[in-house]
Amino acid sequence: MQALSLYRNQSMGVRLHTALRAWSAPLDAVVEALPLEGTLLDVGCGHGLIANEAALRSPLARVLGVDLSEGKIASARTSVGQRANIEFRLAPLESVPESGFDAVSLIDVLYLVPEPSWTSFLRTCLEKLRPGGIFVLKEIGTRPWWKFERLRLQEFMSTRVLRITQGDTMHFESGEELKQRLTGIGFEEVSLRPLDAGYASPHLLLTARRP
Ligand SMILES: C[S@@+](CC[C@H](N)C(=O)[O-])C[C@H]1O[C@@H](n2cnc3c(N)ncnc32)[C@H](O)[C@@H]1O
């Protein structure tokens, strides 16, 4: 990922985290699912690796990344330099005032949102899109079981022990369950793609459109 070079002058911890992130998840496939032009909202952007990759790949896109973590947003902002087509903001999804985005991405975030709030969280993602806009959801599936159990241990370490990621609860669903949720909320053209081949975690990519 070319965006990794944007973190070259940051702390060893940030460089290690972003490099591990790029190595351990199919982020290129995630970025490829995003449109090349228009406005993109990356919800829970973390250090901004995916938002940055999308903005670097396509100067015609305008990207807004939001996250709850002060440290991650500070790091994401440091990565921006002189580029004008990307902005990072310390904000939860619920307080982003803009809407009408051409694409909304939610990459490995939903499992950290308490499950009773999933429907309203996903509905807010839908409402942030323009009609016909694309939603890109990357999650962790539940199969094969051994990849899922390994991942659960890793996430337990990240959220509870090392506290790299904020989140008190974790909830995972299968690809089919996620697909049904998106359809039930009102998305159309929902498609599911397992992306775990060659990776130790059961990565899943879903794309859908606002009608
Ligand atoms: C595992 S990280 C993924 C970061 C990034 N999307 C990536 O793929 O590298 C999950 C992020 O979601 C953020 N997050 C969780 N709930 C959120 C919310 N309601 N609004 C914005 N960000 C949120 C966390 O702060 C964390 O940085």
Side-chain angles (χ1 to χ4, degrees), residues 1-4 6-7 10 13-34 40-56 63-77 79 86-99 101 103-128 135-141 151-172 195 199 201-206:
M1 294 186 87
Q2 50 173 337
L4 274 178
L6 300 173
Y7 300 87
Q10 298 203 24
V14 169
R15 280 183 284 141
L16 200 62
H17 183 93
T18 48
L20 271 174
R21 182 80 188 115
W23 172 77
S24 63
L27 301 187
D28 285 328
V30 170
V31 174
E32 273 164 31
L34 296 167
L40 162 66
L41 173 64
D42 186 26
V43 179
C45 62
H47 294 89
L49 197 55
I50 293 151
N52 270 323
E53 189 70 15
L56 286 176
V63 183
L64 170 63
V66 298
D67 201 285
L68 299 173
S69 159
E70 258 180 66
K72 288 181 183 177
I73 286 294
S75 161
R77 283 187 174 145
S79 72
I86 187 157
E87 177 194 340
F88 291 106
R89 207 180 286 167
L90 180 64
L93 165 66
E94 300 79 358
S95 63
V96 173
E98 297 96 328
S99 57
F101 288 92
V104 170
S105 53
L106 188 64
I107 314 303
D108 288 330
V109 176
L110 189 61
Y111 71 93
L112 295 167
V113 174
E115 193 271 335
S117 307
W118 275 30
T119 299
S120 67
F121 198 82
L122 289 168
R123 192 168 287 135
T124 306
C125 291
L126 174 78
E127 288 164 359
K128 289 288 166 203
F135 181 51
V136 175
L137 173 67
K138 155 85 183 64
E139 271 296 299
I140 295 295
L151 183 280
R152 279 221 297 199
L153 180 63
Q154 175 188 313
E155 290 303 320
F156 178 79
M157 294 298 290
S158 294
T159 54
R160 305 282 175 84
V161 182
L162 302 171
R163 303 209 173 262
I164 299 167
T165 300
Q166 290 175 31
D168 294 329
T169 61
M170 287 186 288
H171 177 74
F172 300 92
L195 286 178
Y199 290 95
S201 301
H203 301 290
L204 288 178
L205 184 67
L206 289 102

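Note that ligands are numbered from 1 as they come in the structure, with each ligand's atoms numbered from 1 the same way. We count residues from 1, following the sequence as given.
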Participant: On a heavy-atom basis, which atom in L34 and which in S105 lie closest, and how many Å separate them?
Facilitator: CD2-CB, 4.1 Å

Participant: Would you mind finding which of G46, G44, S95 brings a heavy atom closest to atom 6 (N) of ligand 1?
Facilitator: G44

Participant: Run the numbers on E98 and L41 for side chain to side chain contact (heavy atoms under 4.5 Å, CB included), then give the verdict.
Facilitator: CA-CA 9 Å; E98 297 96 328; L41 173 64; over 6 Å; no

Participant: Given R21, R89, K138, which one has a non-hydrogen atom that is nearest to atom 9 (O) of ligand 1?
Facilitator: R21

Participant: Mind checking whether F135 and L126 have side chains closer than 4.5 Å, heavy atoms only?
Facilitator: no

Participant: Looking only at heavy atoms, what is the nearest atom pair of Y199 and P26, with distance?
Facilitator: OH-CA, 3.5 Å

Participant: When you measure from the heavy atoms of L68 to every atom of ligand 1, does any distance fall below 4.0 Å?
Facilitator: yes

Participant: Is there a nitrogen or oxygen of Y111 sitting under 3.5 Å from a nitrogen or oxygen of ligand 1?
Facilitator: no

Participant: Evaluate L93 for polar contact with ligand 1, using N/O atom pairs at a separation under 3.5 Å.
Facilitator: yes

Participant: Shortest non-hydrogen contact from K138 to I140?
Facilitator: NZ-CD1, 3.8 Å

Participant: Among D67, T18, V30, I50, which one puts a heavy atom closest to atom 13 (C) of ligand 1?
Facilitator: D67

Participant: Where's the contact between C45 and ligand 1, heavy-atom distance under 4.0 Å: side chain, backbone, both or neither?
Facilitator: backbone

Participant: With a 3.5 Å distance limit and no angle check, can you tell me whether D67 reaches the backbone of G46 through a side-chain donor-acceptor pair?
Facilitator: yes

Participant: Checking the side chain of K128 only, and the main-chain atoms of V96 only, is there a donor and an acceptor separated by less than 3.5 Å?
Facilitator: yes

Participant: Provide the closest heavy-atom pair for L110 versus F121 in the form atom of the first, atom of the second, distance.
Facilitator: CD1-CD2, 4.0 Å

Participant: Looking only at distance, does K72 have an N or O less than 3.5 Å from an N or O of ligand 1?
Facilitator: yes

Participant: Ligand 1 and I107, any nitrogen or oxygen pair closer than 3.5 angstrom?
Facilitator: yes

Participant: Is the contact between L27 and ligand 1 made by the side chain, the backbone, both, or neither, using heavy atoms and a 4.0 Å cut-off?
Facilitator: neither

Participant: Are the side chains of F88 and N52 in touch, meaning some heavy atoms are under 4.5 Å apart?
Facilitator: yes

Participant: Please could you name the atoms of ligand 1 that D108 approaches to less than 4.0 Å, counting only its heavy atoms?
Facilitator: 1 (C), 2 (S), 3 (C), 10 (C)

Participant: State the atoms of ligand 1, each with its element, that fall below the 4.0 Å cut-off from a heavy-atom position in F121.
Facilitator: 19 (N)

Participant: Could an N or O of ligand 1 be found under 3.5 Å from any N or O of L112, whether backbone or side chain?
Facilitator: no

